[in-house]
Amino acid sequence: VAPRAAPEAFDGIHSQDKLPGVGRGGARRRAYREEQGEPVVRPLGAGAGGITRYIRTVIWKVVENFLPLKRKDQNSGEPTSSGVTWSFAAGSNLSTSTSIKAQKESKKNLNKFYKELRTLKTVNMAGRQFGDEGLFFLAESLAYNKSAEEVDFSGNAITAAGIEAFDGILQINTALKTLNLSGNIIGDEGAKCLSDILIENVGIQKLFLNSTNIGDEGAKAISDLLKKNKTIRIVQLSNNTIEYSGFASIADALLENNTLRSLYLNGNYGGPLGASSLAKGVVGNKSLRELHLHGNGFGNEGLRVLMSALSAHKGKITVLDIGNNNITSEGSLYVAEFIKVTKSLRWLSLYMDDVGDEGAEKVADALKQNKTISTMDFGGNNIHSRGVTAIAETLKENEVLTTLELSYNPIGPEGVKALCDVLKFNGKLQTLKLGWCQIGVSGAEFVADCLKYNTTLSTLDLRANGLGDDGAICLARSLKIINESLKSLDLGFNEIRDDGAFALAQALKANEDLAVTSLMLANNFFGKFGQVALTEARDHVYEMSGKEIDIYY
């Protein structure tokens with residue numbers, strides 16, 4: 001027997017009473033109660049015509065086809081089960097002991113989730129695969145709920161039909177602030193249904209619809225929602241199938257919406273035309289603060305129009321992600337021009353573009369004049385020692401930049417030397433990422449020398465640089481010298497063996513003033529000897545100073 005759709009009352013209000021605004025989802029919930037043998041009160045204001053009764057009858061007949069059948073025992077005259085039991089767990093509707101166990105577990109989980117929705121502020125139900133019917137059971141607990149502020153329904157095999165469960169629920173719920181439906185294949189129809197429902201909602205501020213198979217029609221529905229809803233602050237539509245016309249629809253919404261703060265469109269199919277369309281909306285919008293556009297194939301031409309719009313933008317964009325958009329050194333010129341004029345940008349990502357050394361030089365030159373950008377991501381841009389040298393020179397003048405990402409660039413030993421020579425006594429850099437940069441053992445020597453003098457770096461990533469034992473020993477010597485700033489060091493994927501691990505352990509024990517609290521050594525080659533040495537060093541530090549060091553093998 002499936003779990004009951006709801007307890008008898010919600011805070012004194014009977015669950016069978018019609019919720020304000022109940023529509024398509026309300027009909028499904030009433031059918032579900034009938035399945036459980038609950039009395040159903042006719043919704044207020046429902047039509048009494050024959051057509052309404054006919055439609056309801058047809059819906060119920062369809063539902064009956066999927067419900068367990070009953071038959072009368074010829075001897076007792078009592079109804080008995082047909083041997084088929086209904087379960088919310090996928091693949092468990094079989095007349096076996098395994099399916100019965102799965103059914104009980106499913107029922108137990110759904111009741112647990114139902115209770116969480118009624119009592120907890122943050123409820124995570126991601127990846128439970130309870131499907132549409134499970135959502136109909138759970139959604140009703142949100143009707144008069146005053147507790148749950150964040151609900152994660154991501155990855156639960158919910159389709160467009162399941163979205164109807166929210167009809168009549170979200171219109172009256174003002175407590176829920178964050179709704180995550182990512183990873184469910186709701187498609188355009190689901191997006192339309194959800195948009196219709198949320199137009200009247202005044203509580204939700206964050207809406208996550210990543211990887212939900214939404215295309216241009218779904219984007220248009222979200223656009224219509226944003227034109228009317230005045231409470232949503234963050235919309236995530238990453239990894240969908242939104243193309244040019246979808247971007248144009250969202251741009252139209254930006255011209256009318258004055259409350260949206262963050263827009264995520266990563267991993268769609270905007271292309272140059274999509275970038276141009278979006279630019280029109282950006283120019284006229286003053287509320288937008290974050291724009292995430294990674295992986296849309298804008299190219300240099302699309303970027304040119306977008307950067308021009310951002311330069312003329314009267315709002316205050318603080319975060320901009322234009323990575324993986326086929327931007328070359330030509331496109332970097334448009335980025336550089338924007339960097340020179342922006343007065344608000346704090347975070348800029350060019351991750352996995354292809355600006356090369358020439359593009360790095362253009363952007364680096366612009367950063368000399370910029371007084372706001374604190375995080376700059378150059379990762380995966382085919383930058384060599386020449387480009388890094390230009391970036392290093394920028395740090396002599398720029399005291400705003402605190403995070404620099406250079407991973408996946410073949411800068412080599414020469415490039416890291418140019419960088420470290422500057423970082424010894426210049427700049428305010430706190431986080432430096434140099435993973436997969438081919439610096440080798442000689443590069444580790446330059447880094448170690450830099451750490452003897454630098455007083456600002458707190459996070460250093462040197463993953464996959466072929467350091468080996470020699471590189472680890474070199475860094476360990478440096479760590480024995482007073483360093484009160486470095487807190488996190490990542491040496492994963494560096495072919496470090498027992499000798500290198502032992503040297504690092506000795507460094508941890510030798511320097512009482514060492515600030516390191518996180519040492520990442522994942523995917524190296526040291527054995528039990530190295531592990532024991534590191535464990536003993538960690539315990540020694542804790543006994544002597546009470547400081548805990550997290551070491552990850």
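Residue numbers count from 1 along this sequence.
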Inset, instruction - Taking the side chain as every heavy atom from C-beta outward, state whether Leu514 and Leu508 have any atom pair closer than 4.5 Å. - result: yes
Legend entry - Gly215 backbone acceptor or donor facing Asp188 side chain under 3.5 Å: yes
Inset, instruction - Using the six-membered ring wherever Trp is involved, compare the ring planes of Tyr408 and Tyr351 and label them parallel, tilted or perpendicular (cut-offs 30° and 60°). - result: perpendicular
Inset, instruction - Take atom NZ of Lys316 as the centre, draw a 6.0 Å sphere, and report whether it contains more than 12 heavy atoms from other residues, nucleotides or ligands. - result: no
Legend entry - Any side-chain heavy-atom pair of Asn184 and Asn156 under 4.5 Å: yes
Legend entry - Set of side-chain hydrogen bond (donor to acceptor under 3.5 Å, both in side chains) partners for Glu243, sequence neighbours left out: none
Legend entry - Donor-acceptor contact present, side-chain Asp252 to main-chain Ser223, <3.5 Å: no
Inset, instruction - For Asp377 and Leu350, indicate whether the former's side chain and the latter's backbone hold a donor-acceptor pair under 3.5 Å. - result: no
Inset, instruction - Find the distance between OG (Ser249) and CG (Leu278) and round it off to the nearest 0.5 Å. - result: 11.5 Å
Legend entry - Main-chain N/O of Thr174 paired with Asn201 side-chain donor or acceptor, under 3.5 Å: no
Inset, instruction - Decide yes or no for Leu288 and Leu263: does some side-chain heavy atom of the first lie under 4.5 Å from some side-chain heavy atom of the second? - result: yes
Inset, instruction - Decide if atom CG of Leu255 counts as having more than 12 heavy atoms of other residues, nucleotides or ligands within a radius under 6.0 Å. - result: yes
Legend entry - Spacing of CD1 belonging to Ile197 relative to CD belonging to Glu164, to within rounding of 0.5 Å: 8.0 Å
Inset, instruction - Could you tell me the separation between the CG atom of Leu260 and the OG atom of Ser287, rounded to the nearest 0.5 Å? - result: 6.0 Å
Inset, instruction - Mind checking ring-ring contact (aromatic ring centres under 6.0 Å, His included) for Phe493 and listing every partner two or more places apart, or none if nothing turns up? - result: Trp436
Inset, instruction - Taking side chain to side chain contact (heavy atoms under 4.5 Å, CB included) as the test, write out the residues that go with Ala160, two or more places apart. - result: Glu189
Legend entry - Contact check, side chains of Asn180 and Phe153, non-hydrogen atoms, under 4.5 Å: no
Inset, instruction - Rounded to the nearest 0.5 Å, what's the gap from CD1 on Ile204 to CD1 on Ile234? Could you check? - result: 13.0 Å
Inset, instruction - Take Glu150 and Asn124, measure what side-chain contact (heavy atoms from CB on, under 4.5 Å) needs, and give me the verdict at the end. - result: CA-CA 8 Å; Glu150 299 181 16; Asn124 185 353; over 6 Å; no
Inset, instruction - Specify the closest pair of heavy atoms between Val516 and Lys547, including all atoms of both residues, with the distance to one decimal. - result: O-NZ, 3.9 Å
Inset, instruction - Decide if atom NZ of Lys227 counts as having more than 12 heavy atoms of other residues, nucleotides or ligands within a radius under 6.0 Å. - result: yes
Legend entry - By side-chain hydrogen bond (donor to acceptor under 3.5 Å, both in side chains) - contacts of Asp461 (at least two apart): Arg463
Inset, instruction - Enter the distance from Ser262:OG to Arg233:CZ here, rounded to the nearest 0.5 Å. - result: 11.0 Å
Inset, instruction - Would you give the length of the straight line joining atom CG of Leu345 to atom CG of Leu291, rounded to the nearest 0.5 angstrom? - result: 10.5 Å
Legend entry - Donor-acceptor pair, side chain of Ser311 and main chain of Met307, under 3.5 angstrom: yes
Legend entry - Main-chain N/O of Ala165 paired to Asp167 side chain as donor or acceptor, under 3.5 Å: no
Legend entry - Heavy-atom closest pair, residues Tyr244 and Ser277: CE1-OG, 2.9 Å
Inset, instruction - Could you pull out all residues at least two apart from Thr159 that satisfy side-chain hydrogen bond (donor to acceptor under 3.5 Å, both in side chains)? - result: Asp132
Legend entry - Side-chain (Thr459) to main-chain (Ser488) donor-acceptor, under 3.5 angstrom: no
Legend entry - Close side-chain approach of Leu138 and Leu117, heavy atoms under 4.5 Å: yes
Legend entry - N/O donor-acceptor pair under 3.5 Å between Ser154 side chain and Gly183 backbone: no
Legend entry - Stepwise side-chain contact (heavy atoms from CB on, under 4.5 Å) check, Ile242 with Asp216: CA-CA 5 Å; Ile242 303 173; Asp216 289 341; 3.9 Å; yes
Inset, instruction - State, to 0.1 Å, how close Leu226 and Ile232 come at their nearest heavy-atom pair, and which atoms those are. - result: CD2-CG2, 4.4 Å
Inset, instruction - Might you point out which heavy atoms bring Asn266 and His294 nearest each other, and give the distance in Å? - result: OD1-N, 2.7 Å
Legend entry - Contact check, side chains of Leu348 and Thr375, non-hydrogen atoms, under 4.5 Å: no
Inset, instruction - State which residues pass side-chain hydrogen bond (donor to acceptor under 3.5 Å, both in side chains) with Thr403; sequence neighbours excluded, sorted by chain then number. - result: none
Legend entry - Test item: Leu460 and Asp490 side chains (from C-beta on) under 4.5 Å apart, heavy atoms: no
Inset, instruction - Spell out, as yes or no, whether a donor-acceptor pair under 3.5 Å connects the side chain of Ser545 to the backbone of Tyr542. - result: no
Legend entry - Over 12 non-hydrogen atoms of neighbours within 6.0 angstrom of NZ in Lys487: no
Legend entry - NZ (Lys428) with more than 12 external heavy atoms under 6.0 Å: no
Inset, instruction - May I ask you to decide if Ile214's main-chain N or O and Asn240's side chain share a donor-acceptor pair within less than 3.5 Å? - result: yes
Legend entry - Exercise: identify the closest heavy-atom pair between Asn325 and Asn296: OD1-N, 2.9 Å
Inset, instruction - Using the side-chain contact (heavy atoms from CB on, under 4.5 Å) rule, take Ile339 and Ile373 through it: C-alpha gap first, then chi angles, then the decisive distance, then the call. - result: CA-CA 8 Å; Ile339 290 175; Ile373 297 176; 4.0 Å; yes
Legend entry - Salt-bridge contact Asp224-Lys220 (side-chain N to carboxylate O under 4.0 Å): yes
Inset, instruction - Indicate the atoms forming the closest heavy-atom contact of Ile322 with Ile327, along with that distance. - result: O-CD1, 3.5 Å
Legend entry - Check: Gln171 and Phe166 side chains under 4.5 Å, non-hydrogen atoms: no
Inset, instruction - Count the heavy atoms belonging to other residues, nucleotides or ligands that lie under 6.0 Å from OH of Tyr553, then report whether that count exceeds 12. - result: yes
Inset, instruction - Kindly indicate, with the supporting measurements, whether the criterion side-chain contact (heavy atoms from CB on, under 4.5 Å) is fulfilled by Leu432 and Leu457. - result: CA-CA 7 Å; Leu432 177 61; Leu457 276 178; 3.8 Å; yes
